[in-house]
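Before any comments, here is the structure.
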Amino acid sequence: MKFKNKVVLITGSSRGIGKVTAIAFAQEGAKVVINYVKNKVAAEKTATEIKNLGGEVLVIQADVASEDDVKRMVEETVKKFGAIDILINNAGIVWDIPVFTKTVEQWERTLRVNLIGAFLCAKYAIPHMENRQGVSITNISSTNGIDTLSPDSTDYDASKAGMISLTKNLSQALAPHIRVNSVAPGWVDTEINKNLPKEFIKSETEKIALGRFGRPEEIAKAVLFLSSEDASFITGSIIVVDGGYK
Ligand SMILES: NC(=O)c1ccc[n+]([C@@H]2O[C@H](COP(=O)([O-])OP(=O)(O)OC[C@H]3O[C@@H](n4cnc5c(N)ncnc54)[C@H](OP(=O)(O)O)[C@@H]3O)[C@@H](O)[C@H]2O)c1
């Protein structure tokens with residue numbers, strides 16, 4: 001088991017990529033914190049799945065955009081499990097609407113959840129990671145933060161570009177003790193994409209060399225690799241997992 005007794009905090013792990021990543025960590029022996037903002041039922045279901053696998057799990061409602069919530073989430077994690085070994089900043093939102101119909105409030109919310117939320121989680125988790133071995137942070141960014149142009153999600157793309165910059169800067173600030181990396185997924189089959197028009201999905205799928213959207217499990221594998229000792233000489237890196245999107 002690669003993560004026996006490691007404490008892993010995964011934001012936005014009630015559903016989608018975060019959920020599958022949490023289950024994958026639990027299967028490797030980790031103690032897992034499931035975080036959600038609204039969907040208690042989904043979070044409890046994920047926790048039950050982990051308990052049924054024999055895993056240890058704690059469910060915490062917290063909005064990563066709120067500094068008070070993040071502080072409380074870290075405190076509750078440390079109270080239950082004693083420390084934090086691995087932080088996965090995964091919580092994210094998107095509004096796919098024409099760029100100039102977006103409000104300032106929507107821009108601010110996107111940046112607060114996707115980017116400032118990742119910063120806050122790192123800020124409050126780091127003091128509890130400092131005296132541990134094999135500690136790391138992995139940020140789930142997106143190919144939209146690198147070179148995919150998508151005007152309807154300009155605010156999202158900016159938040160993910162910011163997350164990549166955050167990753168690189170934190171990797172320098174926290175070296176040599178804490179490694180910081182990012183996984184940048186392309187299209188993945190989760191609820192975040194549930195309102196995309198069928199024709200758009202078809203045309204986007206044609207741009208993917210492997211001819212399909214990714215599965216959350218395929219993102220989780222990259223996250224577990226970066227969090228493991230197999231990646232002991234990797235920090236400040238961005239791993240693209242997009243099936244060869246052009
Ligand atoms: N799917 C893709 O195609 C894709 C591609 C590239 C990058 N990504 C990134 O991968 C990450 C996960 O995406 P996904 O596809 O798994 O999305 P998803 O299925 O929509 O799940 C989003 C998760 O984030 C949580 N969340 C949302 N806002 C939050 C907040 N303010 N505080 C705490 N948790 C919050 C949700 O909790 P509730 O259940 O309570 O709502 C849920 O657990 C995101 O950062 C996304 O940008 C996804």
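All residue numbers refer to positions in the sequence shown, counting from 1. Atoms within a ligand are numbered from 1 in the order they appear, just like the ligands themselves.
- Rounding to the nearest 0.5 angstrom, the gap separating the CD atom in E49 from the CD1 atom in I23 is 4.5 Å.
- Set against the non-hydrogen atoms of D63, the atoms of ligand 1 under 4.0 Å away are 30 (C), 31 (N), 32 (N).
- Of all the heavy atoms of N114, none lies under 4.0 Å from any atom of ligand 1, so neither backbone nor side chain is involved.
- Near Y36, with a cut-off below 4.0 Å to any heavy atom, the atoms of ligand 1 are 40 (O).
- Ligand-side atoms of ligand 1 in range of N193: 1 (N), 2 (C), 3 (O), range being under 4.0 angstrom from any heavy atom.
- Of the polar atoms of I17, at least one N or O is found under 3.5 Å from an N or O of ligand 1, judged by distance alone.
- Close N/O approach between G12 and ligand 1 is found [any backbone or side-chain N/O within under 3.5 Å].
- Of the protein's non-hydrogen atoms, S14 OG, 3.3 Å is the one closest to atom 37 (O) of ligand 1.
- Nearest heavy-atom pair, G92 versus I192, reported as atom, atom and distance to 0.1 Å: O-CD1, 4.1 Å.
- Given atom 4 (C) of ligand 1, the protein heavy atom at minimum distance is G186 O, 3.9 Å.
- The shortest N or O to N or O distance between K38 and ligand 1 is under 3.5 Å.
- Linking Ile, Leu, Val, Met, Phe, Trp and Tyr residues whenever their side-chain heavy atoms come within less than 4.5 Å places I17 and I10 in a single cluster.
- In terms of protein heavy-atom proximity, atom 47 (O) of ligand 1 is nearest to Y156 OH, 2.6 Å.
- A heavy-atom separation below 4.0 Å is not found between K194 and ligand 1.
- Using cut-offs of 30° and 60° for the angle between ring planes, the F200 and W187 rings count as perpendicular.
- Between V183 and T138, the closest side-chain pair of non-hydrogen atoms falls below 4.5 Å.
- Of all the atoms in ligand 1, the ones that sit under 4.0 Å from a non-hydrogen atom of I93 are 27 (C), 28 (N).
- In terms of protein heavy atoms, atom 10 (O) of ligand 1 is closest to I140 CG2, 3.4 Å.
- Atom CZ of R212 sits about 10.0 Å away from atom CG of D189, to the nearest 0.5 Å.
- Protein heavy atom at the shortest distance from atom 45 (O) of ligand 1 is N90 O, 2.7 Å.
- One option in V20, T190, L196 has a heavy atom closer to atom 15 (O) of ligand 1 than any other, and that option is T190.
- In this structure the side chain of F3 reaches within 4.5 angstrom of the side chain of S228, judged on heavy atoms.
- Judged by the shortest distance from any of its heavy atoms, T11 lies outside the 4.0 Å radius around the atoms of ligand 1.
- In this structure, R112 has no heavy atom closer than 4.0 Å to ligand 1.
- Summarising the geometry, atom CG belonging to N89 is positioned 8.5 Å from atom OG1 belonging to T167; distances are rounded to the nearest 0.5 Å.
- Using a 4.5 Å cut-off between side-chain heavy atoms of Ile, Leu, Val, Met, Phe, Trp and Tyr, with links allowed through other members, V94 and I219 fall into different hydrophobic clusters.
- For ligand 1, the atoms lying closer than 4.0 Å to a non-hydrogen atom of G16 are 16 (O), 19 (O).
- The contact set between ligand 1 and V113, taken as ligand atoms under 4.0 Å from a residue heavy atom, comprises 28 (N), 31 (N).
- V135 and I86 fall into different hydrophobic clusters, where Ile, Leu, Val, Met, Phe, Trp and Tyr residues are linked whenever their side-chain heavy atoms come under 4.5 Å apart, directly or through other members.
- Rounding to the nearest 0.5 Å gives a distance of 5.5 Å between CG of N39 and OG of S14.
- Atom 17 (O) of ligand 1 has its closest protein heavy atom at I192 CB, 3.6 Å.
- Counting atoms of ligand 1 from 1 in the listed order, those under 4.0 Å from a heavy atom of S141 are 7 (C), 9 (C).
- A donor-acceptor contact under 3.5 angstrom links the side chains of S159 and N114, judged on distance only.
- When hydrophobic clusters are built by joining Ile, Leu, Val, Met, Phe, Trp and Tyr residues whose side-chain heavy atoms come closer than 4.5 Å, directly or via intermediates, L87 is not grouped with I50.
- I140 and F119 are members of different hydrophobic clusters when ILVMFWY side chains are connected at heavy-atom separations under 4.5 Å.
- Heavy-atom contacts from other residues, nucleotides or ligands closer than 6.0 Å to CG of N52 number more than 12.
- Among the atoms of V188, some N or O lies under 3.5 angstrom from an N or O of ligand 1.
- Defined by atom type and a distance below 3.5 Å, a donor-acceptor pair is present between the side-chain atoms of E67 and Y124.
- Looking at ligand 1, you won't find any N or O of S142 less than 3.5 Å from one of its N or O atoms.
- Around atom 6 (C) of ligand 1, the closest heavy atom drawn from P216, A65, P185 belongs to P185.
- Protein heavy atom closest to atom 32 (N) of ligand 1, with residue, atom name and distance, is V64 N, 3.0 Å.
- Contact annotation: the side chain of S142 approaches that of Y156 to within less than 4.5 Å [non-hydrogen atoms, C-beta and beyond].
- Inclusion of V37 in the set of residues having an N or O under 3.5 Å from an N or O of ligand 1 is warranted.
- Ligand 1 lies less than 4.0 angstrom from a heavy atom belonging to A62.
- For atom 21 (O) of ligand 1, the candidate residues are Q61, K40, R15; the nearest heavy-atom contact is made by R15.
- Near S13, meaning under 4.0 Å from one of its heavy atoms, ligand 1 places the atoms 43 (O).
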